[in-house]
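Here the structure comes first, spelled out in C-alpha cells, and everything after it is commentary.
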Amino acid sequence: VVMKEVFNTRSMEEELQAKLGVKEVHVVPGDSDQFPWVKKEMGRTCVNVIKRNLAMQGNIIAVTGGTTIAAVAEMLVPDSDLKESLFVPARGGLGEQVENQANTICATMARKAMGTYRLLHVPDQVSKDAYESLVLEPSIQSILKLIHSATMVIHGIGEAQTMADRRDTEEDVLAKLKEKEAVAEAFGYYFNKSGEIVHKVPTIGLHLNDLESINTIIAVAGGASKAEAIQAYLIKSPSQVLITDEGAAKEILAKL
Ligand code: G3H
C-alpha cells in the first residue's frame, strides 16, 4: 500500500511538472481543505526545499503572508545553515489579520530557525502622496534594499474571491475583480484564468517583475479549492518550485 501511494504521488508530480511547466513539483498526501495537518506536511516539505536551496552565505529569504506560509514557519527548526539567514517580508500589508501578515510570519520564521529578520512597517492602505514620501524614508529604503536583494522567495497562492473577502476589500475593487473574472491571487496581485494581472493591491516591496532576478522561488498552495488558482497563477509566473497537496493535484490534473 505504501509503495502504491509513493508511486502515485510521484507520477502526479511528474505530470504536473510537464503540464504546468514548473521545474520541480512536490505533492503531499491528503487535501488541506479537509485536514489542517496537510498544510503542515506542505510546510515540512517546504522546509526541506528551502534547506536544499540555501547558498553558502548571504541568504535573504523573502516571505509572503497567509495560513500556508504560516504553516511553513511552524515547521521550521533551528538549523546551522539557516542560522545565517535573514528573513524579510516580501511586500507590505495587504489587509490581512496579524497572524496572516508577512511581517508576523517572517519574525516567526527567524525565531524558529534562529536566524535574523527585518520588518517592513507600512500601513496597508495609503494615499499616493503618503506612499511616495514613505518610500523615501531612510529606514524604509534600507529594508526595501534588502527585500530587493532576496535570494529566495516563498509565497502562497490564494483563490481570488476568498482572498478579497478575507482582506476586507473595498466594494469597487470587489466589483472589478468580479467583472475581470479574477481567479487567483499571489503577492497582492489578482489574475484571471489565463494568468493575466487584473488588479494589484497598492503596497511596496517585491513586485512581480522583480521575481525574474531571484534565484529560488517557491510557491506553496494546496486544497482542491485552489486548483484553478494555482494553475492560473503558474501560467505566466516564474516560480520554479510548487509544493502542493493531493487534493489540488488531482483537481488540476482532472481539468488539464
Ligand atoms: O497570497 C495568497 C494567500 O496568502 C494564500 O493564503 O495560505 O491562507 O490560503 P492562504
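Just follow the structure's listing: the first ligand is 1, and inside any ligand the first atom is 1. Keep in mind that what you see is a predicted model, and the values were worked out from it rather than measured.
Lys236 has its side chain out of reach of Ile197: every pair of non-hydrogen atoms, C-beta onward, lies at least 4.5 Å apart. At a threshold of 4.5 Å between non-hydrogen side-chain atoms, the residues Leu206 and His155 do not count as touching. Considering only heavy atoms from C-beta on, Glu13 stays 4.5 Å or farther from Glu24 through its side chain.
Between Lys193 and Glu181 no salt bridge is recorded (no basic side-chain N to carboxylate O distance below 4.0 Å). Under a 4.0 Å N-O distance rule, the pair Arg166/Glu185 does not qualify as a salt bridge. Ion pairing between a basic and an acidic side chain is recognised when a charged N comes within 4.0 Å of a carboxylate O; Arg10 and Glu14 show no such pairing.
When the heavy-atom distances from atom 6 (O) of ligand 1 to Arg167, Lys39, Arg166 are ranked, the shortest goes to Arg166. Considering Gly188, Ala102, Gly65, Ser32 only, the shortest heavy-atom separation from atom 4 (O) of ligand 1 involves Gly65.
Interface of Glu185 with ligand 1, defined as ligand atoms under 4.0 Å from a residue heavy atom, comprises 1 (O), 2 (C), 3 (C). Heavy-atom contacts of Gly158 reach the following atoms of ligand 1: 2 (C) (cutoff under 4.0 Å).
In this structure, the protein non-hydrogen atom closest to atom 3 (C) of ligand 1 is Met163 CE, 3.5 Å. Of the protein's heavy atoms, Lys226 NZ, 2.6 Å lies nearest to atom 9 (O) of ligand 1. Ranking protein heavy atoms by distance to atom 8 (O) of ligand 1, first place goes to Thr67 OG1, 2.5 Å.
Here's the thing with Thr68: one of its N/O atoms is less than 3.5 angstrom from an N/O atom of ligand 1.
Test His207, Arg91, His199 against Tyr189 for side chain to side chain donor-acceptor pair (under 3.5 Å) and you get one pass: His207.
Counting heavy atoms closer than 4.0 Å to ligand 1, residue Ile157 contributes backbone atoms (N, CA, C, O) but none from C-beta onward.
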